[in-house]
Amino acid sequence: MKIIAVGRNYAAHIEELKNEVPTAPVIFTKPETAILRHNEPFYYPSFSNSIHHELEVVLKISKMGKNIEEKFAHKYYQEIGLGIDFTARDVQSELKKKGLPWDLAKGFNGSAPISEFVHKEEYTLQDLNFELDVNGELRQKGNTNRMIYSFDTIISFVSQYFTLKTGDLIFTGTPAGVAEVQVGDRLTARLEGKTMLDFEIK
Ligand code: MG
């Protein structure tokens with residue numbers, strides 16, 4: 001399986017990092033080894049001094065497809081969850097400065113903790129509230145009604161380049177409020193008030 005992620009999909013987050021508003025979805029990938037499941041702890045890597053949390057809604061692809069038309073995109077995912085797109089912001093800043101790929105800053109071990117997945121029919125996908133607390137304090141609060149590119153637009157777009165396969169995951173972008181984590185922090189994330197993630201930084 002593979003992990004596909006969208007950068008710069010919420011205007012307030014683009015603003016906080018002083019990035020340009022994209023004219024097409026900004027896409028990157030993470031390897032399967034980035035995944036953490038079942039609230040396993042995240043081990044802070046030695047190569048960074050600035051690991052940022054990015055809370056995101058994650059789609060789980062339910063059937064194979066490529067060149068998917070936007071109007072059919074909803075047929076390709078049945079479940080949603082939450083994930084953290086951990087980012088080595090210091091490493092990413094250096095790479096961006098040099099115009100180099102972001103892989104080392106985005107795809108390292110443990111950089112993609114994911115929750116259990118829930119059936120999408122139980123939710124209003126265009127109006128999903130999701131939140132991240134760090135040590136019990138609210139850090140990120142998002143709603144999918146603020147996305148620049150919708151779930152279906154993202155699926156249609158990426159499927160022109162990557163064949164989507166059952167089990168692939170799509171991270172759909174983070175709202176504002178990204179910040180550094182520290183060893184000892186406890187991250188808890190909720191989707192429509194339901195706790196989906198609860199793990200520690202070690
Ligand atoms: Mg992200």
Side-chain angles (χ1 to χ4, degrees), residues 1-37 42 44-45 48 50-61 77 80-96 100-115 117 125 128-134 139-151 153-155 157-158 161-162 168-181 185 187-191 196-197 199 201:
M1 58 80 66
K2 57 187 172 292
I3 304 166
I4 295 166
V6 183
R8 303 177 192 173
N9 202 24
Y10 287 81
H13 170 63
I14 294 170
E15 174 66 23
E16 72 181 346
L17 293 187
K18 305 273 181 273
N19 282 317
E20 281 176 28
V21 178
T23 52
V26 174
I27 303 296
F28 59 92
T29 63
K30 294 178 185 248
E32 189 172 355
T33 46
I35 292 179
L36 294 179
R37 297 179 199 271
F42 171 80
Y44 203 106
S48 174
S50 182
I51 300 290
H52 275 198
H53 55 72
E54 296 189 358
L55 175 66
E56 312 199 1
V57 176
V58 180
L59 313 178
K60 186 190 274 187
I61 295 299
Y77 65 104
I80 60 172
L82 292 180
I84 308 288
D85 167 21
F86 276 127
T87 304
R89 195 70 73 200
D90 46 356
V91 175
Q92 187 192 33
S93 297
E94 284 303 308
L95 293 168
K96 279 164 77 174
L100 293 172
W102 297 356
D103 299 46
L104 296 178
K106 286 286 197 181
F108 53 88
N109 288 338
S111 63
I114 51 170
S115 70
F117 284 76
L125 298 182
L128 276 178
N129 290 294
F130 55 110
E131 297 173 331
L132 175 70
D133 288 354
V134 178
R139 280 272 188 92
Q140 288 193 269
K141 185 176 170 61
N143 186 299
T144 52
N145 63 16
R146 308 299 296 273
M147 300 177 89
I148 297 171
Y149 298 106
S150 71
F151 295 160
T153 304
I154 293 165
I155 284 175
F157 181 82
V158 299
Y161 299 83
F162 304 125
D168 287 351
L169 301 176
I170 301 183
F171 279 63
T172 59
T174 194
V178 303
E180 288 182 356
V181 296
D185 283 349
L187 276 62
T188 50
R190 293 176 298 278
L191 179 65
M196 303 286 285
L197 285 169
F199 68 97
I201 310 294

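Just follow the structure's listing: the first ligand is 1, and inside any ligand the first atom is 1. The structure displayed is predicted, hence computed values, not measured ones. Every heavy atom of this structure was used, including side-chain atoms; hydrogens, water molecules and symmetry mates were not.
The NE2 atom of His53 sits 8.0 Å away from the CZ atom of Phe86 when rounded to the nearest 0.5 Å.
Side chain of Asp168 to main chain of Lys2: a donor-acceptor pair is present (N/O by atom type, distance under 3.5 Å, no hydrogens or angles).
Using a 4.5 Å cut-off on side-chain heavy atoms (C-beta onward), Ile170 and Phe151 make no contact.
The side-chain hydrogen bond (donor to acceptor under 3.5 Å, both in side chains) test applied to Ser50 returns Glu180, not counting sequence neighbours.
When Ile154, Val57, Val6 are each tested for a side chain to side chain contact (heavy atoms under 4.5 Å, CB included) with Met147, only one passes: Ile154.
Closer than 2.8 Å to the Mg ion (ligand 1) sit the protein N, O or S atoms Glu54 OE1, Glu56 OE2, Asp85 OD2.
For the pair Ala112 and Lys30, the tightest heavy-atom approach, listed with the atom from each and the gap, is CB-CD, 3.9 Å.
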